[in-house]
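Here the structure is laid out as structure tokens; the discussion comes afterwards.
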Amino acid sequence: MITFYKNEKGLLKTETQEKNGWINVVCPTKEEKKFLLQDLQIPEAFYNDIEDIDERPRIEIEDGWYLIILRIPFKSDDAKLPFNTAPMGLVFKDDVFVSLTFHKTDILSDFVLYTQRKKIEIENHFDLVLKLLLSSSVWFLKYLKQINQRIKLAEDNLEKSIKNEELQALLQIEKCLVFFVTSIKGNDILFRRLKNLKEHRDAFNEDLLEDVEIELKQAEETTNIYSNILTGMMDAYASVISNNLNVIMKRLTSISIILMIPTLVASFYGMNVPNHIEENRYGFIIVILISLVISIFGVFLFKKKNLF
């Protein structure tokens, strides 16, 4: 889907392409791909790179066209990976600026509404790049809050009963955090390269640069904190499970020893040797009583030693 915007006290949607406007493309069709490659003359290599889900953040220049790829977060339909990241390509030259992504996300629509509400004007192409990078960092933080809520929910459920489903939920969240950490670090490297572009350094807004740097740092630190907390939690529950297993094995061993006592006494009684009670009419009862007395003494001894 292609959406055209013009820069007029915020990004306003238009029906056709505007000079120095913004062309937002999400999950393009064949006709839209033809428009990008043939009408706008965007290098096909740029298009193919953005289409790759594993593409890393970077900046590239070819025939006067700039390609800037950054990673943006989005909610996934995959239950095993509820949050993921995808590349978004920003391609621009002269008065043409195109953003291209192959995954639907709430970031771009929210960014447009924000510019309209605050009546923000885009000064130049790199100004728009930095603002989109800032918006992606803000959305990383938003999704991190949701991830933190899922961690707390799983923790509360695990306190009641340690189930495989809750442990798997924590593993899924851990995978999401790994993708977030990698993407945010990539965006941070991209930001530093943009910041050091000598020919465009004067065009950057210093306040905007500071805001982007702060949000990126906060997103990275928050992700690392949640990741460390989750890792520690997983290690703690692994220790609890191992300890519970040891307790169960200890109790089963104690029970098996106690159950061996009647068998041992009965074995001695059943031997084909004189034992002075084989002719006694109460011999069977005596053997049972002896087994019970020794078993009860064994239970008492195991409880005293905290083995039962």
Enter the distance from [X]:[atom1] to [Y]:[atom2] here, rounded to the nearest 0.5 Å.
X: Leu209; Y: Lys195; atom1: CG; atom2: NZ; result: 6.0 Å
X: Lys75; Y: Lys142; atom1: NZ; atom2: NZ; result: 11.5 Å
X: Phe83; Y: Leu81; atom1: CZ; atom2: CG; result: 10.0 Å
X: Asn84; Y: Cys176; atom1: CG; atom2: SG; result: 7.0 Å
X: Ile184; Y: Leu144; atom1: CD1; atom2: CG; result: 6.0 Å
X: Glu206; Y: Asp211; atom1: CD; atom2: CG; result: 11.5 Å

Practice problem: Before giving the answer on side-chain contact (heavy atoms from CB on, under 4.5 Å), spell out for Gln38 and Lys33 the whole-Å C-alpha distance, their side-chain angles and the decisive distance to 0.1 Å. | Solution: CA-CA 8 Å; Gln38 296 183 9; Lys33 178 180 179 181; over 6 Å; no
Sub-3.5 Å donor-acceptor pair from the side chain of [X] to the main-chain atoms of [Y], do we have one?
X: Thr222; Y: Ala219; result: no
X: Ser109; Y: Asp106; result: yes
X: Asn224; Y: Glu220; result: yes
X: Glu32; Y: Thr29; result: yes

Self-check item: Contact summary for Asn187 and Pro57, nearest pair of heavy atoms
Solution: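 Of all heavy-atom pairs spanning Asn187 and Pro57, the closest is OD1-CG, 3.5 Å.
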Exercise. Examine the side chains of Gln41 and Lys93 and answer whether a donor and an acceptor come within less than 3.5 Å of each other.
Key: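 Side-chain D/A pair, Gln41 to Lys93: absent.
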Practice problem: Could you tell me whether Phe102 and Tyr47 have their ring centroids closer than 6.0 angstrom? | Solution: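 Between Tyr47 and Phe102, which both carry aromatic rings, the centre distance is below 6.0 Å.
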Self-check item: Phe126-Tyr66 aromatic ring centre distance below 6.0 Å
Solution: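 Yes.
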Practice problem: Applying side-chain hydrogen bond (donor to acceptor under 3.5 Å, both in side chains), name anything that partners Arg58, two or more places apart in sequence or on another chain. | Solution: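 Once residues adjacent in sequence are excluded, the partners of Arg58 under the side-chain hydrogen bond (donor to acceptor under 3.5 Å, both in side chains) criterion are Asp49, Glu55, Glu60.
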Quiz item: Should the ring pair Phe140 and Phe180 be called parallel, tilted or perpendicular, given that the plane angle runs from 0 to 90° and is split at 30 and 60?
Solution: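 Perpendicular, since the angle between the ring planes exceeds 60°.
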Quiz item: Would you say Leu190 and Phe179 are hydrophobically clustered, going by side-chain heavy atoms of ILVMFWY under 4.5 Å?
Solution: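 As far as the 4.5 Å side-chain criterion goes, Phe179 and Leu190 are not connected within one cluster.
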